Amino acid sequence: MSDESALSIKSERTREGLLAALVSYSLWGVLPIYFKVVGAVPATEVLVHRVLWAVPFGLPIVLLRRQWPDVVRALRTPGMLGLLSAAAVLIAINWLTYIWAVQNERVFQASLGYYINPLMYVLVGVAAFGDRLSRWQAGAVWLAAAGVAVLTLSGGEFPLVSLTLAVTFTIYGTIRSRVAIGGMPGLFVETLVLLPGAVVYLGWLASEGRAVFLSGDLSVAGLLMLAGPFTVLPLLCFALAARRLTLSAIGILQFIAPTLQFLVGLAYGERLTGAHMVCFALIWIAVSLFSWDAWRLARSTAGLADP
């Protein structure tokens with residue numbers, strides 16, 4: 001294969017990866033709209049349907065991508081299954097917190113949580129794996145901490161939702177990085193782990209006459225079934241993007257989602273206080289420093305790798 005052909009293939013894969021990443025983060029970014037639409041359904045029941053319908057929707061994707069052996073291997077390996085079970089509990093807590101936040105006009109806090117998340121990964125790397133912070137990364141972390149402090153002290157609002165989302169997703173991601181399984185089969189195993197509890201809870205709601213899904217309103221039932229594709233599709237697109245883009249590109253693009261979430265919060269008329277504005281300004285500066293430093297290090301590494 002000629003150098004020109006190889007370059008063309010690489011360029012095409014990069015374009016495909018960029019498109020997949022944009023779709024993935026855009027879907028995650030506008031997801032609050034869906035939770036607003038089903039806002040009359042309790043957050044716990046929405047979570048149940050997110051798990052319940054992700055399984056039948058995810059199964060054909062796993063089969064078509066020939067990833068069923070990965071699923072079987074995870075289910076038959078106690079160590080992998082244990083880690084994925086722990087990850088499943090964490091992602092369930094994350095999802096429930098996020099759904100509750102959106103339904104209770106805390107979209108800004110949810111957005112803030114996912115802005116903080118990459119910086120949390122940096123702190124985990126330092127605390128757990130002995131990573132060293134660059135000067136710019138340290139500055140970004142301190143700015144983010146200052147933003148949270150401003151919101152807590154000046155806004156009179158401890159950002160519990162933000163920190164819960166950031167901490168649970170960071171620990172979830174750290175666990176998943178230790179399991180040799182792809183994004184899609186990993187999610188499928190996690191939802192399989194959560195499925196029995198979801199079925200039992202939905203059965204209990206039905207026995208109490210409190211299951212909105214079984215209320216006879218077909219439009220609501222149809223919307224709840226959409227929780228499956230809304231859960232699986234962004235992750236599938238992310239898995240495709242992760243195989244085609246550099247980590248630094250993924251790291252920068254991931255801020256699309258919380259930015260869209262922030263705009264959704266504005267669109268729904270959430271109250272944006274002065275403390276919120278100062279907090280987000282500091283977070284955005286921190287994110288800019290973090291992204292610039294990641295881009296700088298990626299370029300430096302690429303330069304060293306050139307012959």
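This chain uses plain numbering: 1 for the first residue, then up along the sequence. Every value quoted in this text rests on a predicted model; they were computed, and no experiment measured them.
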Classify the ring geometry of W204 against Y201: parallel below 30°, tilted from 30° to 60°, perpendicular beyond 60°.
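Rings of W204 and Y201: tilted, as their planes differ by 30° to 60°.
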Would you call the rings of W292 and W136 parallel, tilted or perpendicular if under 30° counts as parallel and over 60° as perpendicular?
perpendicular
Distance-only, no hydrogens or angles: does the [X] side chain make a donor-acceptor pair with backbone N or O of [Y] under 3.5 Å?
X    : Y    : answer
E45  : V212 : yes
E270 : G265 : no
Y34  : L223 : yes
T164 : L160 : yes
R106 : N104 : yes
S26  : V23  : no
S162 : Q109 : yes
T77  : M80  : no

Just checking, any donor-acceptor pair under 3.5 angstrom between side chains of S215 and D217?
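Per modelled atom types, S215 and D217 side chains form no pair under 3.5 Å.
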Do T259 and Y115 get their side chains close enough for a donor-acceptor pair, meaning under 3.5 Å?
yes
In terms of hydrophobic clusters joined by side-chain contacts under 4.5 Å, are [X] and [Y] together?
X    : Y    : value
V179 : V89  : no
I93  : V167 : no
L63  : I181 : yes
V62  : L240 : no
L22  : L260 : yes

Are [X] and [Y] side-chain neighbours, meaning at least one heavy-atom pair lies under 4.5 Å?
X    : Y    : result
V72  : P69  : no
E190 : L187 : yes
V71  : L75  : yes
L272 : F108 : yes
Q103 : V46  : yes

Of all the heavy-atom pairs spanning S111 and P258, show the shortest one and how long it is.
OG-O, 2.7 Å
Between W284 and F262, is the ring centroid distance below 6.0 Å?
yes
Ring of W95, cation from R50 - is the NZ or CZ under 6.0 Å from the centre and inside 45° of the axis?
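Relative to the ring axis of W95, which defines the angle, R50 lies inside both limits.
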Q261 vs Y98, test: side chain to side chain contact (heavy atoms under 4.5 Å, CB included). Steps then yes/no.
CA-CA 11 Å; Q261 292 164 10; Y98 186 77; 3.4 Å; yes
Does H49 form a side chain to side chain contact (heavy atoms under 4.5 Å, CB included) with V41? I'd like the steps, not just the answer.
CA-CA 11 Å; H49 288 286; V41 183; 5.6 Å; no
Going by an N to O cut-off under 4.0 Å, is there a salt bridge joining K36 and E105?
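Looking at E105 together with K36, the answer is no, because their closest N to O distance does not fall below 4.0 Å.
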